[in-house]
A.B. asks: 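Before I ask anything, let me first share the structure, which is written out below as structure tokens.
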2 protein chains.
Amino acid sequence: MDADLFKALGDATRRTILDELVERDGQTLFEICGRLTMKHGLTSSRQAISQHLAVLEEAGLVHTRREGRYKFHHVDTSPLRAIVERWPIDAEEADS
Amino acid sequence: MDADLFKALGDATRRTILDELVERDGQTLFEICGRLTMKHGLTSSRQAISQHLAVLEEAGLVHTRREGRYKFHHVDTSPLRAIVERWPIDAEEADS
DNA sequence: TTTATACGCAAGCGGCGACTTGCCTGTCAA
DNA sequence: TTGACAGGCAAGTCGCCGCTTGCGTATAAA
């Protein structure tokens with residue numbers, strides 16, 4: 001089921017996390033927390049972000065790599081391909 | 001905000017409705033209800049589907065056209081383009 | 001061996017969203 | 001005009017999700 005994918009994309013904080021990881025791949029949890037606070041004005045706690053990352057990982061949008069006490073997070077946008085393959089995007093007619 | 005878009009895609013029933021409308025565009029509410037029950041085994045009530053269609057319309061994924069007492073629903077997949085534009089889909093590395 | 005750092009686990013709370021229920025409006029046929 | 005048909009509105013219920021809180025584990029520095 002691709003339910004995990006759409007569930008992951010359903011939250012604004014998770015989408016911002018994806019933005020951050022696309023801009024700078026391979027961050028740790030604390031780095032992501034810091035950047036979300038600084039650049040995006042988010043106030044979420046570490047645990048909240050950790051849970052968000054777990055959801056993103058379930059959806060296959062984020063892969064993790066352990067190294068000592070650090071855990072690096074890497075984006076993988078390829079699951080998004082399922083979306084455009086499911087509903088082909090037609091050429092646009094401008095809004096009326 | 002594209003929050004409406006992701007919110008709309010967040011529900012499995014709404015995604016099935018999109019499937020149905022892509023396969024057969026311009027259906028009325030009752031037609032959609034019937035097809036969801038027949039082909040997809042969904043048991044949602046008419047009001048539930050109506051609310052789903054309202055969400056899809058808010059997201060710009062469905063446009064409606066009134067004709068007498070009928071209301072025809074048309075798909076518009078173009079809002080999905082925002083997704084692939086926001087997070088470019090990279091060429092795939094197969095899973096380990 | 002202590003102490004700090006980076007992260008994990010799990011229970012609990014609050015709010016939002018999906019769905020139902022009941023009734024109402026508008027259109028068309030008989 | 002009466003009735004059936006297609007759809008709309010609004011309040012209420014209930015489960016899930018995002019978040020907090022508190023504690024626990026593992027790695028590395030002092």
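Chain letters run A, B, ... following the sequence lines, proteins first, then strands; residues in each count from 1.
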A.B. asks: Set out, line by line, the N/O atom pairs under 3.5 Å between protein and nucleotides 10-15 of chain D.
C.D. replies:
none

A.B. asks: Closest approach to the side chain of A:Arg46, judged atom by atom: which nucleotide of D:dG8, C:dC7, C:dC19 is it?
C.D. replies: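 Shortest atom-to-atom distance from the side chain points to C:dC7.
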A.B. asks: By the definition side chain to side chain contact (heavy atoms under 4.5 Å, CB included), identify the one residue from A:Ile17, A:Ile32, A:Leu56 that meets it with A:His73.
C.D. replies: A:Ile32
A.B. asks: Under a single-linkage definition using a 4.5 Å side-chain heavy-atom cutoff for Ile, Leu, Val, Met, Phe, Trp and Tyr, are A:Ile83 and A:Ile89 assigned to the same hydrophobic cluster?
C.D. replies: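 Yes, it is one cluster - the side chains of A:Ile83 and A:Ile89 are joined through contacts under 4.5 Å.
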A.B. asks: When rounded to the nearest 0.5 angstrom, what distance separates CG in A:Asp4 from CD in A:Glu58?
C.D. replies: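 The CD atom of A:Glu58 is 5.5 Å from CG of A:Asp4, to the nearest 0.5 Å.
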A.B. asks: State whether B:His52 places a side-chain N or O below 4.0 Å from either non-bridging phosphate oxygen (OP1 or OP2) of C:dC19.
C.D. replies: yes
A.B. asks: What pairs of residues pass the salt bridge (Lys or Arg N to Asp or Glu O under 4.0 Å) test when at least one of them lies in residues 41-57 of chain A, not counting sequence neighbours?
C.D. replies: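 Qualifying pairs: none.
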A.B. asks: May I ask you to check whether B:Arg65 and B:His74 show a side-chain donor-acceptor distance below 3.5 Å?
C.D. replies: yes
A.B. asks: Write down the protein N/O and nucleotide N/O pairs, taken from nucleotides 4-6 of chain C, whose separation is under 3.5 Å; answer none if there are no such pairs.
C.D. replies:
unit_1, atom_1, unit_2, atom_2, d
C:dT5, O2, A:Arg69, NH1, 3.3
C:dA6, O3', A:Arg69, O, 3.4

A.B. asks: Let me spell it out: for each of A:Thr43 and A:Gly68, pick the nucleotide of DNA chain D with the closest heavy atom. Which residue's pick is nearer the 5' end?
C.D. replies: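 Here A:Thr43 is the residue nearer the 5' end.
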A.B. asks: Determine whether B:Arg86 and B:Asp2 make a side-chain contact, defined as any pair of heavy atoms from C-beta on separated by less than 4.5 Å.
C.D. replies: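 Yes. Closest side-chain heavy atoms under 4.5 Å.
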A.B. asks: Taking atom P of C:dA18 as reference, at what distance in whole Å does atom CD1 of B:Ile17 sit?
C.D. replies: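 Whole-Å distance recorded here is 11 Å.
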A.B. asks: What integer distance in Å separates A:Leu9:CG from D:dC17:P?
C.D. replies: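 Atom-to-atom, A:Leu9 to D:dC17, this comes out as 15 Å.
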A.B. asks: Would you kindly give the CG-to-P distance between B:Asp11 and D:dC16, to the nearest whole Å?
C.D. replies: 13 Å
A.B. asks: Quick one: which of D:dC19, D:dG18, D:dG8 gets closest to the side chain of B:Ser50?
C.D. replies: D:dG8
A.B. asks: Roughly how many Å is it from CG in B:Leu53 to C1' in C:dC19, rounded to a whole number?
C.D. replies: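 Computing the B:Leu53:CG to C:dC19:C1' distance gives 15 Å.
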A.B. asks: Using atom CZ of B:Phe6 as one end and atom C1' of C:dG17 as the other, report the distance to the nearest whole Å.
C.D. replies: 18 Å
A.B. asks: Could you measure the distance from the CD atom of A:Glu20 to the SG atom of A:Cys33? Nearest 0.5 Å is fine.
C.D. replies: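 That separation rounds to 11.0 Å.
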A.B. asks: Just N and O in the side chain of B:Ser45: are any of them under 4.0 Å from OP1 or OP2 of C:dC19?
C.D. replies: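 No, no such contact exists.
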A.B. asks: Starting at NZ of A:Lys7 and ending at P of C:dA18, how long is that distance when rounded to a whole Å?
C.D. replies: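 So the NZ-P distance, A:Lys7 to C:dA18, works out to 14 Å.
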A.B. asks: In Å, rounded to the nearest 0.5 Å, how long is the span from CZ of B:Arg15 to CG of A:Leu5?
C.D. replies: 8.5 Å
A.B. asks: Strictly below 4.0 Å: does B:Arg66 bring a side-chain N or O up to OP1 or OP2 of D:dG7?
C.D. replies: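 The answer is no; no side-chain N or O of B:Arg66 sits under 4.0 Å from OP1 or OP2.
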A.B. asks: Between A:Glu23 and A:Lys39, is the closest basic N to carboxylate O distance under 4.0 Å?
C.D. replies: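 Judged by the 4.0 Å cut-off on N to carboxylate O distance, A:Lys39 and A:Glu23 do form a salt bridge.
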A.B. asks: Reading DNA chain D from 5' onward, which residue's closest nucleotide shows up sooner: A:Ser44 or A:Glu67?
C.D. replies: A:Ser44
